Every structure is written in C-alpha cells, then in structure tokens.
**Q** 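To start, I am sharing the structure in question, which I have written as structure tokens.
Note that this is a predicted model, so its numbers are computed, not measured. So you know, we letter chains A, B, ... as the sequences are listed, proteins then strands, and number each from 1.
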Amino acid sequence: MYDAPQLGNAMDQTTTKISARNVQVHYGDTHAIKDVNVDIDAKTVTAFIGPSGCGKSTFLRCINRMNDTIDICRVTGDILIDGEDIYDKRVDPVQLRAKVGMVFQKPNPFPKSIYDNVAYGPRIHGLAKNKSELDEIVEKSLRRGAIWDEVKDRLDAPGTGLSGGQQQRLCIARAVATEPEVLLMDEPCSALDPIATAQVEELIDELRSQFSVVIVTHSMQQAARVSQKTAFFHLGNLVEFGDTTQIFTNPQDERTQNYITGRIG
Amino acid sequence: MSAGLVILAVIAIAIVGFFVGRSRALNSAGGDIRQLHSLPGYYGQAVFLFSAVPALLVTAVWLILQPMMIENRISDMILPTDIAEGSSLELIMADVRRISSGLDTAVVAGALSEPEIETLNLDNTDVRGVLAGVGVAVASDIKPNVLDASVAYRAKTAAARGYMAVVSIAIALVGFAVALSLTKPDYRARNVSEAAIKSLLVLSSFVAILTTIGIIASLIFETSNFFRMYPAKDFFFNLTWNPQFTGGSDLGIIPLLWGTLYVSFVALVFAVPIGLFVAIYLSEYASSKVRSIVKPAVEVLAGIPTIVYGLFALITVGPLLRDYFAQPLGLGQSSSSVLTAGLVMGIMLIPFVSSLSDDVINAVPQSMRDGSYGLGATQSETVKQVILPAALPGIVGAIILAASRAIGETMIVVMGAGAAAKLSLNPLEAMTTITVKIVSQLTGDTEFASPETLVAFALGLSLFVITLGLNVLALYIVRKYREQYE
C-alpha cells in the first residue's frame with residue numbers, strides 16, 4: 001500500500017538524541033499538548049503525522065524553544081537533548097537554536113543574496129575565522145542542501161529570486177550551515193510542487209547521515225517515504241510511536257488505523 | 001430670483017423626479033420588480049440625476065461667467081479721466097460693485113425706491129449720504145460716470161439673474177422629461193447611477209490635482225513678477241539677506257536656505273534615532289499591553305499644536321540651553337538658537353518617524369523573524385540584520401517625510417530660532433528659515449508690488465520645489481519597497 005522506506009530498520013546501533021517526558025503545552029487557556037513522552041533517535045528521520053490542529057507543529061517548536069517567542073505559550077515537562085534539559089534555566093535558547101536548526105513550512109529566505117542567506121548563521125555564531133573559511137562553509141552547506149550546482153554562478157543574486165523548491169533547499173542549506181545536531185522541519189514541502197517535493201525528500205534522506213531529522217508532514221505518503229520512525233498525534237496526544245513500517249502496516253491503536261486509512265483527519 | 005432660490009428649485013424638481021421616476025418604473029413593470037432591469041430606486045435616481053446635474057452645472061457656470069461679462073460691458077462706461085491718481089480700473093470696478101449692492105440694500109431698507117434709482121442723479125441726491133445711512137460706506141466721492149455704471153451694473157445683474165432662473169429651471173424640466181421618457185423596464189438605470197458615482201469620484205480627484213496646479217501657477221506667476229524686478233542670479237547666489245523698505249535690498253536665499261537645512265538637520269538628528277528606537281521597541285520588544293499604552297502616548301506628541309511646541313522652545317528649552325550650554329561654553333548669549341528650534345522640532349517629529357517606521361517594521365513578514373530566530377539569532381541581531389534591512393526603504397521614506405515636515409515648519413522656528421538671517425556654523429546662535437521670512441515679508445506694511453514682498457513667492461516656490469522633491473523621492477522609495485513582498 002505504501003512504499004516501504006528503503007533503509008527502514010537497518011539502523012541497529014541507534015542512540016536516543018531527544019527524549020521528551022510529560023510535556024504539556026498551553027496556549028493561554030488551550031491545552032495544546034497533553035503529556036507527551038517520546039524518544040527520538042540520532043541520525044534517523046522521525047515523522048510526526050496527524051490531522052490539522054493535533055499539536056504536531058507545536059511539539060516540534062518545543063524542541064528548539066521557538067515557542068518562547070510567543071507570549072501566551074507555556075511549556076512544562078522535560079525535553080532532553082543528549083541528556084541535557086533544554087528548558088533548564090542555564091540553557092540559552094538562542095544557543096540552543098543554533099544546535100537545533102529549523103526549516104519552515106513556507107520557504108523564507110531573507111531579502112539578501114544567496115551567499116548572505118547561508119552565511120547568516122555562521123556569521124552570527126562566529127563559525128568562520130576569515131572570508132575563505134566562510135566561503136568554504138557556504139559552499140559545503142549549499143552542497144548539503146543539494147542546490148550548489150544551481151546557484152554557484154549567482155551567489156550574489158537575491159535568495160528571494162529563486163523558485164519555491166530552490167528557496168526551500170536554500171533554507172535547508174542555511175539551517176545546516178550552523179552545524180546543528182538536530183534538524184526540525186515543519187511541513188517543508190507543503191508549499192512546493194511535486195518535483196520540488198521529490199528533490200527535498202531526497203535531500204532529507206541524505207541529511208540523515210549527519211543529522212537527526214524531525215519532520216512534520218500532512219502527507220502520509222511522505223512520512224512513509226522519508227522516515228524510519230513515525231509518531232501519530234491526535235488532539236494533543238501522542239497516540240502511537242514506532243517504526244514507520246509498523247505504524248503504516250500494523251498500527252496498534254484504532255485511531256492510528258482510522259487515520260492512515262483515511263477515516264479520520 | 002436669487003441663485004440660491006434657483007438651486008433650491010432645481011433640487012426640488014429633481015426630488016419630485018426621483019419619486020415620479022420610481023413609481024413610473026414600478027408601474028411600467030406592472031408592480032413586479034423582477035421585470036425591471038434595476039431596482040425601482042435606481043430609476044428614481046436616474047431621473048434625479050438627469051434633472052439636477054445639467055441644470056446645476058449650467059447655473060454654476062453662469063454664476064462664474066455673469067459678473068465677468070457684465071463688468072466687461074460696464075467698464076467701457078468708465079473714462080480714463082475718472083481714474084484718479086494712484087487708483088486703477090480694478091479699484092473703480094470694486095467701487096461700482098459696492099455701490100450697486102449698496103443700492104440694493106437701500107431699496108430693502110426703504111431709503112430709495114426703484115423709480116428713484118432710475119432717475120438717480122448726483123445733483124439731486126447725496127448718494128454717499130444715503131448709502132452711509134443704510135450702513136454701506138463708500139470711500140471716495142462718487143463720480144457721475146461711476147454712479148451711472150453702478151446703476152447699469154445693478155440693472156444688468158438683475159436681468160441676468162432672471163434669465164439664469166428661466167434657463168436653469170427649463171433645463172431641469174427638460175432633463176426630467178427626457179429621463180421619464182427613458183424609464184422603461186429594460187432601461188439600465190443602475191448603470192446610470194454607477195456612471196454618476198464614478199464621475200463624482202473622478203471629479204473629486206480632479207479638484208485635488210487642479211488645486212495643486214493652481215497653487216503652483218500662482219506661485220510661478222508671482223515669482224516671475226519678482227524676477228522681473230530682482231535678478232534671479234542675486235536671489236540664488238547672494239550671501240546676504242537684508243531687505244530694506246526703501247529699496248536696494250539684498251534678497252539672497254542662501255542664508256535662509258542654510259538656516260532651514262541646519263534646523264531641519266538638527267531636528268532629524270534628534271528625531272530619527274529616537275523615533276526609530278521607539279518603533280523597534282514597540283514592534284519587536286514590547287508586550288501587547290505595553291504597546292497599547294506607549295503607542296498612543298507617543299502619538300499624542302503629534303497632536304500638540306506647533307505653537308505650543310514653540311512656547312516650549314521659547315520659555316523652557318531656549319533659556320535652559322542658553323544658561324547651561326551657550327553661556328558657560330562662551331558660544332552665544334541668545335536663547336533663540338538653531339539648537340533650541342531643532343531640539344523641539346525633533347521632539348515633534350518623533351511620532352512621525354516612529355509610527356511610520358512601526359508600520360513598515362510590522363509589515364516585515366513574521367517568517368523572516370522565525371527564520372532568523374530559528375538560526376539562533378538574538379532579537380537585536382534579528383532586528384539589525386534582517387528586519388531593518390528589509391524595512392529600510394520604508395524607514396527611509398518615513399525619514400524623508402519627516403524631513404519635508406521639518407523644512408516646512410514655521411512656528412517652532414519663529415519662537416525657537418529667532419528671525420535673524422545668518423550664515424553661521426554655531427548651533428547656539430539665532431538663525432532663521434525660509435518659512436519665517438515668508439511670513440515676515442508678507443505681514444509687513446510694504447507695498448505689495450515691491451520686490452521685498454514678492455520675494456515671499458520666490459521663497460515659497462523654492463520651498464515647494466524642495467519639499468515636493470523630497471516627497472516624490474519618498475513615494476518612489478516606498479513604492480519600490482512594496483514590490484518586495486508582493
């Protein structure tokens with residue numbers, strides 16, 4: 001019924017990168033995330049699926065504390081990355097976000113040149129000692145973003161002038177330029193056409209070798225194609241979490257079963 | 001019949017037309033609205049418009065042309081010998097109008113009767129005395145020709161008014177009849193009302209444009225008069241401003257232009273950073289609660305009349321700067337100074353810069369902020385590197401608008417910077433600006449046709465060109481900015 005992920009469960013020596021314990025999120029009076037516990041493996045693509053408004057994007061934004069920028073949002077519970085509580089007072093959310101990169105739903109390149117878009121993070125965090133190092137980082141990131149060949153001759157052109165799919169790959173390159181350990185992707189393909197989507201999905205599969213990728217998606221096919229682990233969210237609850245093949249072929253929970261067969265959602 | 005009555009009559013006909021047209025439309029469809037092309041009210045509106053608009057237009061044109069044509073005829077009755085030394089035909093014609101309306105008043109008051117006016121003669125009546133008796137003062141002795149002209153003017157005006165009434169009401173009735181004959185179920189009445197609304201809107205924008213053109217034309221006209229009396233080269237390049245009422249003035253714009261630019265520069269130096277920081281704080285840092293208090297509070301500054309700012313400059317800021325800066329530093333003794341005016345004007349401009357910049361900063365998409373925060377940037381890094389560059393064209397537009405406001409400001413300068421035209425770099429010295437000198441040249445007691453007075457128009461035109469240039473520049477920049485996110 002669905003394409004099985006090619007590398008499915010071949011990763012034996014996985015280690016837990018992110019673990020969430022009893023995470024609750026409130027937006028004002030709304031209880032958006034209810035008691036979520038999950039362990040996300042390193043160097044794995046984990047997909048969050050679920051109907052609109054189920055809290056999967058909210059939970060994703062907890063992992064790099066992007067919810068801190070929203071006044072009315074309140075997060076309780078523990079989220080550990082490599083065993084360290086990211087909501088600890090000693091953790092600087094700004095520093096955290098350099099380690100946990102994020103790619104957004106709509107491509108959002110800055111109104112700057114392609115080069116400056118990618119160099120933005122490295123410049124802020126002082127990752128390059130000089131111009132030639134910065135050039136190297138930019139080239140490496142653009143190559144990782146699988147867009148180098150398309151833009152290498154026009155690095156001074158504005159990033160906003162690229163096509164939608166190119167813009168999104170540029171944003172991925174921009175995110176990986178700060179050498180994050182985790183890459184969060186919030187529906188990265190929802191504004192893209194099928195060809196651009198295929199390119200980005202291929203890229204996500206390549207990124208797995210270096211980063212832990214967490215992707216929120218509305219498309220179950222996409223989750224099946226790119227991820228090794230899948231978490232199903234429903235009404236703020238984490239209903240089921242397991243290997244992608246198992247979730248799609250043999251779901252344990254009735255709600256998961258109903259969602260993937262199209263009866264709810 | 002007076003013009004007001006004619007207009008009222010036309011409108012009355014049109015209102016009747018509205019109801020007649022509406023009921024006729026309903027009748028023609030046998031009471032079934034669905035048979036009509038438009039709602040019945042639109043048929044009424046069409047009759048209203050057909051009756052009122054042409055008639056009112058004709059009345060308006062008539063009212064404009066009538067005095068001109070009558071005066072043209074009457075002015076032949078005035079002989080060159082009637083025009084006294086130092087007087088002119090225009091002044092005599094003003095007397096004629098005054099006397100003729102005075103005669104009207106006298107008739108109403110019962111001091112004169114119509115047959116008496118027809119045989120009015122300076123030998124048997126003291127016209128000046130009669131008019132004075134009904135409260136109309138005539139300056140000089142009335143000459144026979146002038147009196148005859150006045151009587152003729154009065155008669156012709158009355159006749160013309162009568163014709164106007166007949167013609168206007170006739171046009172209204174014709175329009176009424178034509179519109180009524182058009183009222184059939186398939187007549188597209190709502191399109192008529194659509195066209196009427198469109199032409200009203202077009203007309204309104206023409207009024208704005210024509211006014212601008214009129215202002216420019218009058219400025220250019222008077223300025224060319226000025227340049228006929230005073231060489232343009234001296235106006236633009238002479239380094240002194242020293243008007244003499246006895247003639248032989250130095251009327252160089254340079255010291256005034258310098259004062260204007262200097263005061264505006266000081267004002268912007270204060271207003272731009274503070275206004276921009278206020279805008280950044282309000283749009284990026286402040287919680288919505290703080291914002292809802294601070295934003296209106298800052299905008300109160302924009303509502304203070306400039307004369308009040310002027311008072312503040314005169315009695316508070318000026319003496320303060322003099323006592324604590326100018327005198328201790330030995331830089332001047334005057335409480336009026338460029339710094340005083342610039343500082344106070346800067347305070348006035350803060351809300352301009354802040355609220356315009358606030359708008360453009362808020363227009364930067366949230367996704368830009370998310371992108372930057374997502375890469376681990378702090379708020380100030382995000383503001384500096386993403387938001388300000390993205391909002392820069394709009395902010396520059398805001399600054400330029402503030403600058404043109406500063407250049408045109410008068411009251412604060414009069415009260416804060418004084419009225420001495422000087423070319424100096426010392427900001428604690430009194431200086432003055434173009435606007436202040438326009439006021440002082442025009443409010444003096446000098447003859448209007450002298451270069452000392454007409455220079456005000458040349459100054460005004462220069463000011464207009466400067467601010468217009470700045471506004472065009474601002475519009476261009478703001479428009480360019482808008483294209484970026486669309």
**Q** Is a salt bridge present between A/Lys17 and A/Asp41, judged by a nitrogen-to-oxygen distance below 4.0 Å?
**A**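 No.
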**Q** A/Lys99 versus chain B, heavy atoms under 4.5 Å apart: side chain, backbone, both or neither?
**A** neither
**Q** Is A/Arg174 in contact with chain B via its backbone, its side chain, both, or neither, using a 4.5 Å heavy-atom distance?
**A**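 Contact with chain B involves both backbone and side-chain atoms of A/Arg174.
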**Q** Is it the backbone or the side chain of A/Pro109 that comes under 4.5 Å from a heavy atom of chain B, or both, or neither?
**A**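 For A/Pro109, backbone heavy atoms alone lie under 4.5 Å from chain B.
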**Q** Would you name the heavy atoms of B/Pro296 and B/Arg291 that are closest together and state the gap between them?
**A** CD-O, 3.8 Å
**Q** Contact part of A/Tyr120 toward chain B, heavy-atom cut-off under 4.5 Å: side chain, backbone, both or neither?
**A**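 It is the side chain, since no backbone atom gets that close.
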**Q** Can a salt bridge be assigned to the pair A/Glu179 and A/Lys140 using a cut-off of 4.0 Å between side-chain N and carboxylate O?
**A**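 Counted as a salt bridge, because a side-chain N and a carboxylate O are separated by less than 4.0 Å.
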**Q** As an exercise: rank A/Arg97, A/His125, A/Arg123, A/Met66 by heavy-atom pairs under 4.5 Å with chain B and give me the winner.
**A**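 Sorted descending by pairs with chain B, the first entry is A/Arg97.
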**Q** Report which part of A/Val103 has an atom under 4.5 Å of a heavy atom belonging to chain B: side chain, backbone, both, or neither.
**A**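 Looking at A/Val103, nothing touches chain B.
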**Q** Evaluate the side-chain hydrogen bond (donor to acceptor under 3.5 Å, both in side chains) criterion for residues A/Asp186 and A/Ser57: first the C-alpha distance (whole Å), next the side-chain angles of each, then the deciding distance (0.1 Å), finally the verdict.
**A** CA-CA 6 Å; A/Asp186 191 356; A/Ser57 286; 2.9 Å; yes
**Q** Using a cut-off of under 4.5 Å on heavy-atom pairs, state which of A/Gln95, A/Lys112, A/Arg65 scores highest against chain B.
**A**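 The candidate making the most pairs under 4.5 Å is A/Lys112.
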**Q** On the ring face of B/Phe352, is B/Arg405 found with NZ or CZ under 6.0 Å from the centre and within 45° of the axis?
**A**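 No, B/Arg405 does not sit over the ring of B/Phe352.
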**Q** One thing to verify: whether B/Glu299 and B/Lys295 come together as a salt bridge, which I'm taking to mean a side-chain N less than 4.0 angstrom from a carboxylate O.
**A**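 Between B/Glu299 and B/Lys295 there is a salt bridge, with a charged N closer than 4.0 Å to a carboxylate O.
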